[in-house]
Amino acid sequence: MTTAWEAAVEAQIRSAQERGEFDNLPGAGKPIPGRDTPYDEGWWIRSFMEREQIPSDLLLPTPLQLRRRIEQLPAELRDLPTEDAVRSYVAALNTEVVAWLRTPTGPRVVVRPVNVEEAVRGWRADRERAAPVVTTPEPALAASARPRRRWRWWRR
């Protein structure tokens with residue numbers, strides 16, 4: 001029974017070769033990638049994450065993900081336009097932290113909610129550092145740089 005099945009498969013392969021369906025396949029004539037590297041049991045998950053461009057942070061347990069987000073908070077807040085946006089972002093993060101603290105899973109890692117006022121102060125300081133410095137001209141230059149009044153026809 002298996003010989004008849006194998007013969008049918010071989011016949012299909014042979015007819016496909018004759019039709020040229022195996023010509024110009026991608027990677028033809030190139031070495032198999034990763035052939036010389038030692039065997040790794042997690043090769044499939046690494047290749048999947050690389051192919052789909054999934055960040056490796058998603059594999060971390062919840063407390064470590066939260067801790068990393070708290071560490072990266074100043075960089076995340078820097079791009080927010082208003083203080084209300086900063087407060088809502090920090091409040092959403094604190095909601096996730098409190099939810100994890102109520103039912104902790106994974107390794108025991110110290111994670112605390114973020115102080116909203118400190119985050120807003122840091123955001124303001126970053127904004128002030130990034131704002132361009134406006135200088136006023138010296139008084140002597142300011143008087144000479146003023147435009148002269150023009151004669152207006154209604155002031156005759």
Chemist: Kindly check if the number of other-residue, nucleotide or ligand heavy atoms within 6.0 Å of CG (D23) is above 12?
Modeler: yes
Chemist: Following the transitive rule for hydrophobic clusters with a side-chain heavy-atom cut-off under 4.5 Å over Ile, Leu, Val, Met, Phe, Trp and Tyr, establish whether L59 and L64 coincide in one cluster.
Modeler: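 No, it is not one cluster - the side chains of L59 and L64 are not joined through contacts under 4.5 Å.
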Chemist: Check the surroundings of atom CD in E50: do more than 12 heavy atoms from other residues, nucleotides or ligands lie under 6.0 Å from it?
Modeler: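 Not more than 12 within 6.0 Å, no.
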Chemist: When rounded to the nearest 0.5 angstrom, what is the spacing between CG in D57 and CD in Q65?
Modeler: 7.5 Å
Chemist: Consider only side-chain heavy atoms of I, L, V, M, F, W and Y, link residues closer than 4.5 Å, and tell whether L58 and W44 are in one cluster.
Modeler: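 Yes, one cluster joins them.
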Chemist: With a cut-off of 6.0 Å (strictly less than), are more than 12 heavy atoms of other residues, nucleotides or ligands near CG of N24?
Modeler: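 No.
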Chemist: Say whether I45 and I54 are linked into one hydrophobic cluster, either directly or through other cluster members, by side-chain heavy-atom distances under 4.5 angstrom.
Modeler: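 They do share one cluster, since a chain of ILVMFWY contacts under 4.5 Å joins I45 to I54.
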Chemist: Find the distance between CD (Q53) and CZ (F48) and round it off to the nearest 0.5 Å.
Modeler: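 Nearest 0.5 Å value for the CD-CZ distance: 11.5 Å.
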Chemist: Heavy-atom count check: over 12 atoms from other residues, nucleotides or ligands less than 6.0 Å from R51 CZ?
Modeler: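 Buried by this count: over 12 neighbours within 6.0 Å.
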Chemist: Does L73 share a hydrophobic cluster with L101, counting links as ILVMFWY side-chain heavy atoms below 4.5 Å and allowing steps through other members?
Modeler: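 Yes: a chain of side-chain contacts under 4.5 Å links L73 to L101.
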Chemist: For W123 and L80, indicate whether the former's side chain and the latter's backbone hold a donor-acceptor pair under 3.5 Å.
Modeler: yes
Chemist: Do P63 and P104 come close enough that some side-chain heavy atom pair is under 4.5 Å?
Modeler: no
Chemist: Take R69 and E96, measure what salt bridge (charged side-chain N to carboxylate O under 4.0 Å, His left out) needs, and give me the verdict at the end.
Modeler: CA-CA 11 Å; R69 286 183 58 196; E96 291 180 39; 2.6 Å; yes
Chemist: Is E83 salt-bridged to R124, going by a charged N under 4.0 Å from an acidic O?
Modeler: yes
Chemist: Carefully, step by step, assess R87 and D84 under the rule salt bridge (charged side-chain N to carboxylate O under 4.0 Å, His left out).
Modeler: CA-CA 5 Å; R87 289 181 186 278; D84 291 335; 5.1 Å; no
Chemist: Spell out, as yes or no, whether a donor-acceptor pair under 3.5 Å connects the side chain of N94 to the backbone of P113.
Modeler: no
Chemist: Closest approach of L66 and W100, non-hydrogen atoms and distance?
Modeler: CD1-CB, 3.7 Å
Chemist: Find the distance between CZ (R46) and CD (E41) and round it off to the nearest 0.5 Å.
Modeler: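 R46 atom CZ to E41 atom CD measures 10.0 Å (nearest 0.5 Å).
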Chemist: Kindly give the heavy-atom pair with the smallest separation between V110 and R67, and that separation in Å.
Modeler: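 Smallest heavy-atom distance, with atoms named: O-CD, 3.6 Å.
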Chemist: Under 6.0 Å from the CD1 atom of I32, do we count more than 12 heavy atoms belonging to anything else shown?
Modeler: no
Chemist: So which atom in I13 and which in F22 form the shortest heavy-atom distance, rounded to 0.1 Å?
Modeler: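 Closest pair (atom of I13, atom of F22, distance): O-CE1, 3.9 Å.
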Chemist: Output, in order, the C-alpha distance, side-chain angles, deciding distance and verdict of side chain to side chain contact (heavy atoms under 4.5 Å, CB included) for V116 and V86.
Modeler: CA-CA 8 Å; V116 177; V86 171; over 6 Å; no
Chemist: Work out which heavy atom in E117 is nearest to a heavy atom in N115; give both atom names and the distance.
Modeler: N-OD1, 3.0 Å
Chemist: Give a yes or no on whether R19 atom CZ has more than 12 heavy-atom contacts from other residues, nucleotides or ligands under 6.0 Å away.
Modeler: yes
Chemist: For V111 and T62: C-alpha separation, side-chain torsions, deciding distance, then whether side chain to side chain contact (heavy atoms under 4.5 Å, CB included) applies.
Modeler: CA-CA 10 Å; V111 180; T62 305; over 6 Å; no
